[in-house]
Structure formats: structure tokens, C-alpha cells
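Okay, so here's the structure we're looking at.
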Amino acid sequence: MLEEEYQLDYFKTQGFVRKICKACGSAFWTRDPSREVCGDAPCEPYNFIGDPIFRPHTLDTMREAYLSFFEKQGHTRVERYPVAARWRDDIYLTIASIADFQPFVTSGIVPPPANPLTISQPCIRLNDLDSVGKSGRHLTTFEMMAHHAFNTPTEEIYWKDRTVELCDQFLASIGGDINNVTYKENPWIGGGNAGPSVEVLMGGLEVATLVFMSLGRQKTEGQGYDLKGEMYYPMKLRIVDTGYGLERLVWASKGSPTIYDAVFPEMVSHVMNAAGLDHMLDNKEYTKILSLNAKFAGLMDISGTNLFNLRKKVAAAIDISPDKLDKMITPVEKVYAIVDHSRCLAFMLGDCIVPSNVREGYLARLVIRRTLRLMNDLKIEEPLADMIEQQTKILGDRKFEQDISVVREIIDRETEKYAATLERGTRIVQKVAKTYKAKSQRVPLAEIMTLYDSHGIQPEMVKEIAAKEGAVVDLPDNFYSIVADMHSESKHEKEEDNTTKYTGRVTALPPTKKLYYEQPSDIEFEAVVLDFFDEYAVLDQTLFYPEGGGQPADTGTLVSAESMVRVDGVVKVGEVVLHHIAGGVLRRGDRVKGMVDEERRWSLMRHHTATHILLHATKEVLGAHIHQAGAQKGAESSRVDIRHFKHITPDELRRIEIAANRMIMTSQPVEISVEDRTKAEQKYGFSLYQGGVPPGREIRIVKVAGDIEACAGTHCRSTGEVGSIKIIRVEHIQDGIERIEFAAGIAAIYYMQHMEQIVTASADTLSVQFENLPATVTRFFTEWKDQKKEVERMSARLVELEMRTLVGETAGGITIVVKRIDLPQKELSAIASSVAEKGGIALIAGAGETARVVLASGDSRVNAGEIIGQVCSLLGGKGGGKPTLAQGGGPELGQLDLALKVGRERILASLHV
RNA sequence: GGGCCGGUAGAUCAGUGGUAGAUCGCUUCCUUGGCAUGGAAGAGGCCGCGGGUUCAAUUCCCGCCCGGUCCA
């Protein structure tokens, strides 16, 4: 980025000088002419530890100081957004304050909620999960305090000078000495945007970043810049994007050894107590070690094996062995991590994330399990749910949507599930370890991979358990990257959307007038063909609803003066609707009459409105956390996937069905309006985006029986028109996601009739009233089982009787029985086996639908498996088995006696008699 | 959404293309004054569901259902 971008009047009038850092070579601005380094780590160590650079603040007082400062400076205070980024489909968690306003505000499509504004946005970043607790400064959850100004070509709010001035003034307002502030030039590129940026450094700590977002990847008329090989052009909006780390400011205001002691001291001492480490808090030696640790960690990257280097440095500084230091400090680091993670979970679950094995739910589970593991390491008995509840109380008025009792239930369930996984895992590992120990082999890497991938067992745990069993494990250092490589190999290419190829052709056409919104209950319309290509017709207006939002397209016919064609698919490209024509041609300029298939359209509308009703009913019965995770409408049935932390019980399902049908019976009007996006978000919250996030400044709001969603689908005029909803089944799609399949309107009746038929047919077969069906079926089933046992007993008796009458010949001192007994195969085997047990040989055949033959041999000279093959081939079949017992058969019953004769000869031949 | 592992007695799990097993638990009996225990016998299985291959499938193949798990 160009150097002159940073030549601010403010710097000049305030007596700043631009210098080059002696350590890293970066340019920075300072009021102190004698300063030689930029002030950033690692050029400058953390010198605020033990020597605070601001007046002491807690999280609450610092946040308030910030927000009220910017309010006084003409900014509007905006409520925080949820940590689950439900208004975005590209990220799961809110990672920065600017994320709240992407993509529609930042791209200029939607005006900001206020301009300029100030906000303190809780953010969650899990990329440095490993360093949390160890570095003294990393957190999974932090609040990014920010003030944003959105400058348009016509309205300038403020830009660089004012932003830096506000920064100086704010830092001074909390007691900072602005003579020690440096502004380091650090051009910013990320998320498709770029611009000049300065890091605000004090006491060795980066307390804020001021970004001036002014370039984008989209080509505009202005001069382009080549940044890291990509071209960037001036944006329509120039955005002041600032980020002040609330936790860091509090840390610097207290000068405590670690950020954790500054940010959540009550919880740290609470967890220390729970872990039996309370004595460490007052110990001066510990405080000194932790400070040193944080100072050194601030100067280096501590991920992976670098942690050991950190230990070595700290140990050398206080003159003890790295091992001893490690033993002292590790438990404390774990306490810090537990406190951080439980706070993270309070936000995640409080903002209605449901743990699962998909999407953000997976991230929540990851944090939960990690925390449980750490707690287990420290032998903390206190339930995790208690800790999270405490965190929630400490966070106080941060406005959580989820009820704390639900949070507790979720955590308790997750704790149990994890315990079960561990128990199951331990057994599996023990078994594997024993197997390899018996073979005196090392447990191979492939085995460890399977254990991790398929059973969720951490390799460290495998090593530990295997060691107890006396087995050795092959575990490379880069285990996780091997796993990652393995997964990336099985990536599939994304399917290409075949409609995108029409984009070019379609941009020349005017937007199609959408009659399906204006007159959703009409089925006939007239239109003019504007274009026809590749079997697609474009009309000036249409009643045909294109597929979208989980609602399939309408079908129907188009009639012109010369022909009648069938519409079998409808898609939308941009604002133009394409009708796919099956067999037939239309010409540009044709006047056509369109007719939508009425029953299908009505059925789709009913199912769509029913989806909204059902979602609302589910929320009523199951709780606030219910969010739609996907939906598919159809003409016969539809389904809606919801996030929930346990199985929906049959009773809950019945209650949902009743609640939904009550909403239908009261026949409330369905209200549809187009509203300003920002206002709608503020009015209704982000639960608007159940079915995804539509683009645009304005969004279509559909209100159905208390359910309010952004939705582009066609709907009934009132809930009453839906007629009825019948839940067909509930399915457990993935952990944390339940799928409810249902039918609405006539389809619901069809379904119930179908069920009735099944019941009636079953009842007829048993000649009972259908009310008696369950009892009768149960009786029949038990009787069937009893009789099966009875048959077994009688068979055993039959075998016994047969045995008594069995007469064999003797050849070479061995009893040989060759006989035809018409019993099932199982009994034949039993008879033959008991002859063989006494050292004899038995060839027994029986006739059923096919011929069955069993040969049992109690003499090693006679190989039953070999002989049976020859016997069975005479019967037109095959056979086989073990040398001692073989079975077979074939379709040719008439050959049975011949087969026995040949078999007998073969046996005698084998015995050489 | 993609990948992987699994479903066998009440529980935990072996096992096999050819008569379904172990351990614990359960029932009864014996041992004992009673208990812990010890001994003996016994009950308990649509081998997840449906289809295919085969003379024969719990076992092999395909589809579905259910559970677990890793990744985006």
C-alpha cells in the first residue's frame, strides 16, 4: 500500500514522527522522537505486566467506558449480534464486529443500522484453541469493541484522521498516556477487501486495529492496485472498521500476570479451588513465573513443539529445570483454559447453538469435550453445567436467548454422552491392544487412525491405555496432519450449476413480472414470449413459481396460437424466470396463455405454509433453540429438519401435531410484506433466516401464525387454507438434527386413508377388530415363539427316536449308516453328527422341496466335504462343508436313492474295504 | 453435506457360507444356623429390516433403518 496513505494531517498537527522499526523494519508513527522500535511483539516485550498502563477496569466498566465515549462522540450504540452468525452462510461463528455487517451493509446494498455506530461484539475464534491458557493471552471468546463509519460517495461521515483522533482520545479517557502510543502501518487484506490500516500499540500490546476498508476485488472505474498478485479497486463505500480488544484493554489496565487473571478473576479462583490449587494464587513465586511465561509467550509462537522452547526459556530465567516448571505450570494453564472454554460455552449455548456433529454444533461439542477432558485431568468434580451457569450469571445482561435450564440439560447430556464414548473407547482400545500384544507387534498407525476417525478416541488416550495393557503404539508427531491429509483426498468436486451458463443471455432481458406473488391463488395468465433458447422460454410475466427455498417449481402448460407445450421445470436466473419446455417450440413474440397445474400448486402452497406452522409449533413445544436446519417441500409430503439436542418423543410429536392443527383451525391470515432488511432484523431478530439468507436491501417477510420468516415461497392466504397437517414420521438425521416428515391438506388425508387401509388389511388377515390389533399381534408373536420352541423340542425328540432305530452296517470296524429320513436339514445334521461322535460315518438324505443330504464322518479317512460334492452333483446341486460334517442338496429328488448308493460306495472306497 | 466404524441372549461382546457361543446378570436346586461365597442345572436369540447370490446366508452383495465417530 502506498506510503502517502498514512500521511495524516492529524499526525502532523499532533507532532507525530514517522519512523522505521529497528527490529522489524515496519513504519510507525510516534510522538516520542527517541523511540526506536514499533512497539509490537516481538520487537517490544509486554511491559504493562506489573505496571498497568490504564486506570483499573473490569470488563463491564471498560465496555461501558468505550461505548459511552463513542456515544458522546456522536455514535449510536448498537446491540450485540449473536455469536452464531445466522445471517451469514459462509461462516458459523461471529469472528469480528464487521462480520455483523457483512455482506449486505459492507457491499452497499443495505444501509447500516446506524451511521456512525459503536458496538461491543462477542466473537469466537477457535483457531488458537491449543494456545488458550498456555500463552497467557489467547482466548476463544473475546469482545471486539468497535466504532464503524460507512462513507458513501455522497455522504462523508469521517475517515482516517478522525478515527485516529478518536482512538487517542479514548485511550486518554481511560487513563492511558498517549505519548506512549504508536501507530504501526500495516496494510490490511482479507475477505476480498483491502485498505490501509494501523495497529495501535501500547506497552508492547496491540490494543486496537484501525482498518480503512476502501478497496475491493470487484472492478470499478477507479485506479486498480496489485496486492499480493490480486487486483483491487476502489469500493463504492469506504468503511472505518476498528477493533478494540476489550479483554486486552482490561488486562493492560490491571497489569496482571495473564489476561485470564484480569478478565475473569472470580472464575479463575473458583476453578483453582475446585482443582485444589487455591494455594497458588497468593504465592509470589507463582505470580512471577506466570508473568515471565506470558512475557516470553508474547514474543513467540507457541503452537505445537514450540511450547517446549517457551518452557526452556522461562525455566532458564528462573533457574529451574524445564520439567519441574512444566509440572508446576501445566495445572494452572489448564485452569485458565477451563475458565475460558466455559465462558465460550456460555455464549455458544446461550445463543442457541445445539451441540451436534455438524456445522457450528460440532464446534460447540469440540469445546465441550475439550473442557471435560481438562476437568478430568485436574480431577474437578464440579459439573460443567454449574460452571457454565456461573459464567452466564457473571456475563449478566448479555441477553441470552436460551433458557439456562435448557443449557444445563444440554451440558449434562453431553457430559453423559462423552463419558459413554470414553468408556466404549477404552474397551475397544483394550481389545486392540491385547490383539497386538498377543502377536507381539506394535499397534500400527492405521489402527490408531481408525480408532480416532471412527470411534473418536484421541491417540494420546490410545497410547495410555495400550501402555497399561503392555502394548506399544506407533504414534507420529504429525498425527493430526496425517488425518487431515487423508480426509482431503476424499474431496468431491462441486456440481456446477447449469443455469449459470445462461446468465449472459439473460442479463439483456427485463426482469420477469412475478404474478405468482401478486395473485398466488390464480392459475391462468397471459403473457408474451420474450426469448426462447435451449428449450427455455422467457415470458414478460408469469404465474409459474420457480424452484427455490426448498419449494419445487410449478408445472403446467403454455398455449400459443399454433401449439400447446408442457412446462416441466421453472428456474430463476437473476430476476428472470426460465420455463423449461418439454417437446415443442415457442417463438419470440408469441402471445401465450399459461395454465398452472392447480392441484399441484395448491398442494405445494399448503405444504409451504404448513412448514412454517409446524416449525412454530415445534418451537412452542420444544423451546427457543429450535431452528430450521433445512427443508424440502413436495406435493405429497414435505420435511423440515430442526436442531434439537435429543430425540423428539412420540408424546412431544403428538403435542406438536395438535398445536400445529390448532393454528390451522383458528384460520389466521398469512401476512406477507416486503420490508427493509436492517429494520426487519432489529424488529424480528435473526430467527428470520430459517430457510437461509436471501440477498438484497429489502426482504420478503412472511408471517404465519406467529412464525416470522424471510421467505420467497408461495403461501396460502390463511392458515385455515392449509386444511390439516399429519406428521408422518420423525427421523434422526444427524446428532442434533431431527427430521420431521409430514403431509398437509388433501395429502394428509390421503396419508391417513393409506394408513387406515394398512390397518384394516392387517386386521382382516387376523380376523379381528382393528382395535384389537396390537393385543392380537402380540399374542400371535408370543405364540409363534412358543411354538417354535415346541417344534425344536419335538425335533430333538424325533432325532432321539431316529437314533434308537438307526441300524448301520459295519465295515472295517466302523459303523456306517446310509439312510433316507425325510426330516429337515437341521435334524438330519443332528442325527448324522451324533453317529460321527461315536466314531461312525453317516450319510443321510431327506426330501423336501429339494433333496437334502448330510454326511458326517467320525473317521479321518473319510473326508465328508469331498464326498458330498459328488453325491450332490447327481442331484443337480452342489454341497460342501468341513471334513467332519458336510451338507448339500439339489433339485432332482428322483435321483436320491442313486445318490445314496454312490455315496455309500465312495465311503467304502475311502476306507479301503 | 462427505467419509469411516458398528447393530448377535437383559448387559458387554466373541464367532462362522454348513447344528448360534462366552462372561456377567436372571431363575431353581445344593452347600451354610444366616450372610459373603462355593457347586449344579435351567430359562433367555426373527444374529436390525427388506431384497439378491447360493444346494445352503447370522456370515457374501445391494438398498433401507438405527447407533457411534471424524471432517467441511
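Any value given below was found using the heavy atoms of this structure, including those in side chains, with hydrogens, waters and symmetry copies removed. So you know, we letter chains A, B, ... as the sequences are listed, proteins then strands, and number each from 1.
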Between side-chain atoms of residues 754-768 of chain A and protein atoms elsewhere (two or more places apart, or another chain), which donor-acceptor pairs fall under 3.5 Å?
| from | atom 1 | to | atom 2 | distance (Å) |
| --- | --- | --- | --- | --- |
| A:Thr760 | OG1 | A:Glu756 | O | 2.6 |
| A:Ser762 | OG | A:Ile758 | O | 2.7 |
| A:Thr765 | OG1 | A:Ala761 | O | 2.8 |

Considering only distance and modelled atom types, tabulate donor-acceptor pairs under 3.5 Å from the side chains of residues 864-884 of chain A, sequence neighbours left out.
| from | atom 1 | to | atom 2 | distance (Å) |
| --- | --- | --- | --- | --- |
| A:Gln870 | OE1 | A:Arg906 | NE | 2.6 |
| A:Ser873 | OG | A:Gln870 | O | 2.8 |

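An OP1 or OP2 oxygen of B:G18 is reached within less than 4.0 angstrom by no side-chain nitrogen or oxygen of A:Ser829. Between A:Lys826 and B:A20, a side-chain N or O to OP1/OP2 separation shorter than 4.0 Å is present. An OP1 or OP2 oxygen of B:U69 is reached within less than 4.0 angstrom by a side-chain nitrogen or oxygen of A:Arg369.
Side-chain contact, A:His455 with A:Arg424: no donor N or O sits under 3.5 Å from an acceptor N or O. Defined by atom type and a distance below 3.5 Å, a donor-acceptor pair is present between the side-chain atoms of A:His608 and A:Gln551. Checking A:His732 against A:Glu738 by side-chain atom types alone, a donor-acceptor pair falls below 3.5 Å.
With respect to A:Lys646, the salt bridge (charged side-chain N to carboxylate O under 4.0 Å, His left out) criterion is satisfied by exactly one of A:Glu416, A:Glu409, A:Glu414: A:Glu409. None of A:Tyr689, A:Tyr92, A:Phe686 except one satisfies the ring pair (Phe, Tyr, Trp, His ring centres under 6.0 Å) rule with A:Trp87; the exception is A:Phe686.
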Exercise for the section: Let me see the working for A:Phe645 and A:Arg413 under side chain to side chain contact (heavy atoms under 4.5 Å, CB included), right down to the final yes or no. Expected result: CA-CA 8 Å; A:Phe645 51 87; A:Arg413 279 185 59 87; 3.9 Å; yes
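Partners of A:Gln458 by side chain to side chain contact (heavy atoms under 4.5 Å, CB included), not counting sequence neighbours, listed by chain and number: A:Arg373, A:Tyr452, A:Glu460, A:Met461, A:Tyr480. Checked against side chain to side chain contact (heavy atoms under 4.5 Å, CB included), A:Asp651 has the following partners two or more places apart in sequence or in another chain: A:Thr649, A:Arg654, A:Arg655. Partners of A:Arg125 under the salt bridge (charged side-chain N to carboxylate O under 4.0 Å, His left out) rule, at least two apart in sequence or in another chain, do not exist in this structure. In terms of the side chain to side chain contact (heavy atoms under 4.5 Å, CB included) criterion, residue partners of A:Ala842 (sequence neighbours excluded) are, by chain and number, A:Val817, A:Ala832, A:Val835, A:Ile844. Listed by chain and number, the residues in a side chain to side chain contact (heavy atoms under 4.5 Å, CB included) with A:Val799 are A:Met803, A:Glu827, A:Ala830, A:Ile831 (sequence neighbours excluded).
Comparing B:G38 with B:C62, their P atoms are spaced 48 Å from each other, to the whole Å. Comparing the P positions of B:U16 and B:G3 gives a spacing of 28 Å, expressed to the nearest Å. Separation of the C1' atoms belonging to B:A22 and B:G15 is 10 Å when rounded to the nearest angstrom. B:C55 and B:A40 have their P atoms separated by 46 Å, given to the nearest Å. Between B:G7 and B:G17, the two P atoms lie 16 Å apart (nearest whole Å). Using atom C1' as the reference point in both B:A11 and B:G44, the two lie 13 Å apart (nearest Å). Using C1' as the reference atom, B:U58 and B:A9 are 14 Å apart when rounded to the nearest Å. The gap from the P atom of B:A57 to that of B:U19 amounts to 12 Å, rounded to the nearest Å.
Of the two residues near RNA chain B, A:Ala886 and A:Tyr92, the one whose nearest nucleotide lies more 5' is A:Ala886.
Heavy atoms of A:Arg729 sit nowhere under 4.0 angstrom from any nucleic acid atom. At a threshold of 4.0 angstrom between heavy atoms, the contacts of A:Thr421 are confined to the sugar-phosphate backbone, with no base atom among them.
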Fill in the blank from the handout: Protein-proximity profile, nucleotides 47-64 of chain B, B/S/- by nucleotide at the 4.0 Å heavy-atom cutoff, equals --------B---------
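At least one donor-acceptor pair under 3.5 Å links the side chain of A:Gln690 to the backbone N or O of A:Gln628. Counting only distance, with no hydrogens or angles, the side chain of A:Arg639 and the backbone of A:Phe742 share no donor-acceptor pair below 3.5 Å.
The number of heavy-atom neighbours closer than 6.0 Å to CZ of A:Arg365, taken from other residues, nucleotides and ligands shown, is above 12. With a 6.0 Å radius and a threshold of 12 heavy atoms from other residues, nucleotides or ligands, A:Met794 has its CE atom at or below the threshold.
Taken residue by residue, residues 833-841 of chain A places heavy atoms nearer than 4.0 Å to RNA chain B at A:Ser833. Listed by residue number, the members of residues 409-417 of chain A with any heavy atom below 4.0 angstrom from RNA chain B are A:Lys417. The stretch residues 631-649 of chain A touches RNA chain B through A:His647, each having a heavy atom under 4.0 angstrom from the strand.
Counting only Watson-Crick and G-U wobble pairs whose two key distances fall under 3.5 Å, RNA chain B forms stems of three or more stacked pairs at B:1-7 with B:65-71, B:10-13 with B:21-24, B:26-30 with B:38-42, B:48-52 with B:60-64.
Distances were taken from every side-chain heavy atom of A:Arg365 (C-beta onward) to each of B:U69, B:U12, B:C46; the shortest belongs to B:U69.
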